[in-house]
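Take a look at the structure set out below.
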Amino acid sequence: MSFSDDLVQWYQSNKRQLPWRDTHDAYVIWLSEIILQQTRVEQGLPYFYSFLEKYPDVSSFAAASEDDILKLWQGLGYYSRGRNMLKTARMVQADYGGIFPEAYDQLIKLKGIGEYTASAISSFAANEPKAVVDGNVYRVLARYFGINEPINSPKGIKIFQSAANELLDKHRPGIHNQAMMEFGAMLCRPKNPACNICPVSEGCYAFANNAVNLLPVKLNKIKIRERYFNYFLVADEHTLVMNRRGDKDIWANMYDLPLIETDTLLPPDGLLALPQLKALFGDDIKIDEIFPVIKHVLTHQRLFVRFIKLQHHHIELKEQWFITDRNNLKKLALPKVIFIFLKNIFNL
DNA sequence: AAAACGGGGAT
DNA sequence: ATCCCAGTTTT
């Protein structure tokens, strides 16, 4: 019995039942793989269902608008995944007649599909012998073979890909890949791995050398930027002023409120200089209510978000601002922190 | 080669 | 708090 055989055997009797397993539809597999990038299965599952229901095939996906896709993606994060999916769906519709490709060399050219995802789709859908290397596989390989090269160094990435390629069972690459990942997710976990019931502990370097908690090695302490967002609620009975975000910063092409970003800690009294507000909104405004600062944590940024309700009779709309009915909010893709605020304010 | 890109769960 | 999740793109 080889390492792969042992894992596959374990996989077949211990795998979770997941809706994207046991299909060979490349479109469905693609949908699941993009959703699951940097996302836990439990978090992605409801999105997978809603996307599949609304867009049962690539043609219907390609016909959607970016606003539609981002709205359905709302809350999942890494929104470029959604925007790239739309580009890819349209490319598949135009260049492949709506037939989702299954070949690695074609997949790798599509937006949002990198080495991992191209390997996953091609091996799951068509049994193409491409080895996946995701976070699970890095961990399994590092521990089992005692590889101490950092998993996120350029050298490490090549070493792990080579190791995965060598290990791949060319006769059943799809199930081999799934078994590697499921094993990493369920037994060979980052913390408290289940070495006591591990089917391959006997040949495991880390288990034999008491190095399970030392591997894999990862470097790069990401640095976190602090930002201070002052959002302004300009609303009447039925409508409010919204802002369409640009395509560079976080939450690209999504919708929030008129914003003043400051580069220092917010003043304790919560007051921005009134002249600054008048310069932005016009003279006819007054601060109505200042809400407590909300700390919103992202991977690379810590946001200190403060909402300020303004009284107004007339305001001047800036370039990316527009007035919309409250009822239209259900159609706009909102960042989590904006969504929560508006939901609470308007009892949505 | 680094940095950027969300949000949430486990420890 | 820290890590990391079925990673990819941009700088």
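Remember, predicted model here, so these are calculated numbers, not experimental data. We name chains A, B, ... by the order of the sequence lines, and we start the count at 1 in each one.
At a threshold of 4.5 Å between non-hydrogen side-chain atoms, the residues A:V241 and A:F232 do not count as touching. Counting heavy atoms from C-beta outward, A:L107 and A:S122 have side chains that approach closer than 4.5 Å. Under the 4.5 Å side-chain criterion, counting only non-hydrogen atoms from C-beta, A:L167 is in contact with A:M180.
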Protein N or O to nucleotides 7-11 of chain B N or O, pairs below 3.5 Å:
| unit_1 | atom_1 | unit_2 | atom_2 | d |
| --- | --- | --- | --- | --- |
| B:dG7 | OP1 | A:Y79 | OH | 3.1 |
| B:dG7 | OP1 | A:K336 | N | 3.1 |
| B:dG7 | OP2 | A:W251 | NE1 | 3.4 |
| B:dG7 | OP2 | A:H296 | NE2 | 2.8 |
| B:dG7 | O6 | A:T299 | OG1 | 3.4 |
| B:dG7 | N2 | A:Q43 | OE1 | 3.2 |
| B:dG8 | OP1 | A:K336 | NZ | 3.0 |
| B:dG9 | O4' | A:R40 | NH1 | 3.4 |
| B:dG9 | O4' | A:R40 | NH2 | 3.2 |

Give me, pair by pair, the N or O atoms of the protein and of nucleotides 9-11 of chain C that are less than 3.5 Å apart, along with how far apart they are.
| unit_1 | atom_1 | unit_2 | atom_2 | d |
| --- | --- | --- | --- | --- |
| C:dT9 | OP1 | A:G112 | N | 2.4 |

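For DNA chain C, no neighbouring residue in residues 121-130 of chain A is found when judged by any heavy atom under 4.0 Å. A heavy-atom distance below 4.0 Å to DNA chain C is reached by none of the residues of residues 45-74 of chain A.
The distance from atom CD of A:E33 to atom P of C:dC5 is 14 Å, rounded to the nearest whole Å. We find that CG of A:D249 is positioned 11 Å from P of B:dA4, with the value rounded to whole Å. As rounded to whole Å, 7 Å separates atom P of C:dT8 from atom CD1 of A:I34. Going from atom NE2 of A:H300 over to atom P of C:dC5 covers 15 Å, rounded to whole Å. To the nearest angstrom, P of B:dA3 lies 11 Å from CG of A:L219. Rounding to whole angstrom units, CG of residue A:D247 and P of B:dA4 are separated by 17 Å. Rounding to whole angstrom units, CZ of residue A:R83 and P of C:dG7 are separated by 19 Å. Rounding to whole angstrom units, CG of residue A:N253 and P of B:dC5 are separated by 14 Å.
With sequence neighbours left out, A:D95 forms a side chain to side chain contact (heavy atoms under 4.5 Å, CB included) with A:M91. For A:R326, the side chain to side chain contact (heavy atoms under 4.5 Å, CB included) test picks out A:L240, A:F346, with sequence neighbours left out. Here A:R40 pairs with A:E42 under the salt bridge (Lys or Arg N to Asp or Glu O under 4.0 Å) rule; sequence neighbours left out. Qualifying salt bridge (Lys or Arg N to Asp or Glu O under 4.0 Å) partners for A:E66, counting only residues two or more places apart in sequence or in other chains: none. Remark: A:K309 engages A:D288 in a salt bridge (Lys or Arg N to Asp or Glu O under 4.0 Å) (not counting sequence neighbours).
Aromatic rings of A:W73 and A:F51 (six-membered ring for Trp) have centroids within the 6.0 Å cut-off, being under it.
Other residues, nucleotides and ligands contribute more than 12 heavy atoms inside 6.0 Å of the CD atom of A:E289.
For residues 97-112 of chain A, the set of pairs meeting the side-chain hydrogen bond (donor to acceptor under 3.5 Å, both in side chains) definition, not counting sequence neighbours, is empty.
Note on ring orientation: taking the six-membered ring where Trp is involved, the planes of A:Y255 and A:F322 are perpendicular (angle over 60°, cut-offs 30° and 60°). Ring orientation note: the planes of A:F3 and A:Y144 are tilted relative to one another, at an angle of 30° to 60°.
Taking only side-chain atoms of A:P190, from C-beta outward, the nucleotide of B:dG6, C:dA6, C:dC4 with the closest atom is C:dC4. When distances run from any side-chain atom of A:R81 to the nucleotides C:dT8, B:dG6, C:dA6, the shortest one goes to B:dG6. Which of C:dC4, B:dA4, B:dA3 sits closest to the side chain of A:K218 comes down to C:dC4. Between B:dG6, C:dG7, C:dA1, one nucleotide has an atom nearer to the side chain of A:Q37 than all others, and that is C:dG7.
Within 4.0 Å of A:T117, counting heavy atoms only, lie sugar-phosphate atoms of the nucleic acid but no base atom. Looking at heavy-atom distances under 4.0 Å, A:N152 makes no contact with the nucleic acid at all. When heavy atoms are screened at a 4.0 angstrom cut-off, A:W20 is found touching base atoms of the nucleic acid.
For the P atoms, the distance from C:dA6 to B:dT11 is 14 Å, rounded to whole Å. Comparing B:dG6 with C:dC5, their C1' atoms are spaced 12 Å from each other, to the whole Å.
Contact annotation: A:R139 reaches the phosphate of C:dC5 (side-chain N/O to OP1 or OP2, under 4.0 Å).
Hydrophobic cluster of A:V297: no remaining members, since no ILVMFWY side chain lies below 4.5 Å from it. Under a 4.5 Å side-chain heavy-atom cut-off, the cluster of Ile, Leu, Val, Met, Phe, Trp and Tyr residues that includes A:V217 is completed by A:Y205, A:L215.
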